[in-house]
2 protein chains.
Amino acid sequence: MPSDQTRSAILAAAERLYADRGFGDVTLRDIVAEANVNLAAVNYHFGSKDELIAELFVTRSIQTNRERLNELKAAEEKGGGRASIEDIMRALVGPTLRGCLGPDREGSTAARFMIRASIESVPPIRRIKNREVDHLRKFAAAMRRAMPGRDDTELYWGLNFALAMAHHTIREKERLIRLSEGKCDLDDVAGIIDRVVAVSVMALTTGDAASKSPPARPAVVHGRLTRQDL
Amino acid sequence: MPSDQTRSAILAAAERLYADRGFGDVTLRDIVAEANVNLAAVNYHFGSKDELIAELFVTRSIQTNRERLNELKAAEEKGGGRASIEDIMRALVGPTLRGCLGPDREGSTAARFMIRASIESVPPIRRIKNREVDHLRKFAAAMRRAMPGRDDTELYWGLNFALAMAHHTIREKERLIRLSEGKCDLDDVAGIIDRVVAVSVMALTTGDAASKSPPARPAVVHGRLTRQDL
DNA sequence: GATAGTTTCATACATATGTTTGAAATGCAA
DNA sequence: TTGCATTTCAAACATATGTATGAAACTATC
């Protein structure tokens with residue numbers, strides 16, 4: 001009967017500390033102090049530090065992915081098996097943005113932890129993220145159904161840009177606030193989702209020319225690359 | 001006469017190793033071995049490991065920033081003091097994308113190093129990146145001149161999304177190739193720049209309603225924003 | 001060629017940090 | 001209780017890694 005008490009305490013303490021101070025600045029000794037457990041408990045319950053981090057990350061990732069797929073499924077049912085491209089993009093970026101920028105700041109170490117995981121890039125998390133491709137393929141498939149005949153390449157670029165806007169906004173949240181001097185309201189999650197979705201849909205549905213060849217590329221040689229060494 | 005030879009050798013070796021194996025996996029001892037210099041040379045010439053990394057990063061950053069401003073200036077001169085929004089965005093994302101995705105020219109180590117710096121997030125680099133806000137303000141100012149009357153908030157979001165697409169594409173280059181099974185050509189830098197610029201401009205110039213209030217956010221929770229006209 | 005400043009070198013230092021260990025404590029079943 | 005399995009604990013372990021040191025080698029100016 002694994003009382004599980006120590007285990008949970010470690011997970012909670014670790015997530016909190018990592019969320020607050022980042023992976024680079026938190027040692028196992030910090031974690032066990034915060035959790036009031038013995039140092040050896042981490043290796044006993046998780047095997048290694050990396051496996052602890054991995055467990056934290058997969059737990060939260062699974063949550064997000066499940067929400068994504070739920071929204072996608074709901075959208076497809078609503079549309080009789082074929083979701084609109086807009087709803088698909090919303091299902092793709094909505095859960096992540098809500099999860100990381102959500103207003104429940106106070107208690108939600110989970111959100112802050114996921115932001116950290118997005119900013120810092122530590123080996124165990126990188127390994128897990130690499131498996132995410134399979135998950136994204138489901139969205140690519142849905143997009144293909146929503147936009148039959150559209151070139152696959154365009155579809156992947158749209159997917160890429162949608163994730164780009166969502167993740168970058170999360171990653172660079174503080175910088176955007178500073179740059180815009182508070183004009184960009186990072187707490188208005190619904191508004192942000194609308195923005196990202198709108199631009200993504202535009203990128204995907206714009207000019208059919210784009211599906212044949214890349215958008216109007218000027219023959220001009222770009223800029224001046226005065227490349228002088230320092 | 002500071003022969004500078006050792007110093008340069010360290011810089012070159014460090015950039016190569018960091019580019020290949022990342023910051024987390026490369027020690028000073030690896031670097032001095034690669035450079036065929038003594039271990040103490042790093043601290044003698046740079047003061048500390050972090051200052052070495054910082055110097056590597058600022059060198060490349062300065063290059064990129066100078067290219068950006070050069071392009072911006074050229075665009076403004078071309079337009080008689082007022083550059084088009086498209087040219088501004090091109091000046092913003094072009095140099096970075098060319099620098100990081102460019103074809104492997106003379107030792108692509110610089111490019112690969114900058115990709116690493118974008119993926120991993122190590123303290124000395126983070127510190128430098130934080131100063132980048134001032135640089136971005138110059139682009140915000142140019143955009144304001146190009147789109148007078150437009151709400152500042154929209155402008156910052158557009159800037160944010162443009163950087164998002166550029167940086168995310170760089171960061172997740174490998175994943176995008178894998179996801180698209182090679183359909184997305186990450187070597188076609190000019191094409192990528194065109195894509196990013198096109199979407200950015202769309203995001204910025206779309207529906208004037210967006211300049212007054214956030215992009216047509218329906219009262220309905222998951223309402224659809226049909227915004228197809230570019 | 002002597003002297004002063006600069007650079008290189010081998011080596012030592014310090015110590016942070018994940019991991020292991022073996023014993024003690026605890027819990028559970030018979 | 002007894003005995004076995006699980007868990008906790010203090011301490012040790014290992015060692016990777018950035019940094020400091022002091023002497024030697026080198027360079028240049030006089």
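B:Asp25 has its CG atom 13 Å from the P atom of D:dA16, to the nearest Å. A straight line from CD of B:Glu51 to C1' of D:dA20 spans 15 Å, rounded to a whole angstrom. To the nearest angstrom, C1' of C:dT17 lies 13 Å from CG of A:Asp50. One can place CZ of A:Phe23 at 17 Å from C1' of C:dT17, the figure rounded to the nearest angstrom. Rounded to an integer number of Å, the gap from CZ of B:Arg29 to P of D:dG18 is 7 Å. To the nearest angstrom, P of C:dT8 lies 8 Å from CD of B:Gln5. In this structure, A:Phe46 places its CZ atom 14 Å from C1' of D:dT7, rounding to the nearest Å.
In this structure, A:Phe23 and A:Phe113 have perpendicular ring planes: the angle between them is above 60°, well past the 30° mark. Classified by interplanar angle (parallel below 30°, tilted 30° to 60°, perpendicular above 60°), the ring pair A:His167/B:His168 is tilted.
Across C:dG18, D:dG18, D:dT8, the shortest atom-to-atom separation from the side chain of B:Lys49 is found for D:dG18. Listed candidates were C:dT6, C:dG18, C:dT19. Nearest to the side chain of A:Leu39 is C:dT19. Distances from the side chain of B:Ser48 to the nucleotides C:dG18, D:dT19, D:dG18 place D:dT19 closest.
Within 3.5 Å, no donor on the side chain of B:Asn43 pairs with an acceptor on the base of D:dA20, nor the reverse.
Looking at heavy-atom distances under 4.0 Å, A:Ala40 makes contact with a base.
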Apply side-chain contact (heavy atoms from CB on, under 4.5 Å) to residues B:Trp157 and B:Leu204 and explain how you reach the verdict. CA-CA 8 Å; B:Trp157 278 112; B:Leu204 277 163; over 6 Å; no

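The distance between the ring centers of B:Phe139 and B:Tyr156 does not fall below 6.0 angstrom.
Look at A:His45 and you'll find a side-chain N or O under 4.0 angstrom from OP1 or OP2 of D:dT8. Between D:dA10 and A:Asn38, a contact under 4.0 Å exists linking OP1 or OP2 to a side-chain N or O.
Under the 3.5 Å distance criterion, with hydrogens and angles disregarded, no donor-acceptor pair is assigned to the side chains of A:Ser118 and A:Arg171.
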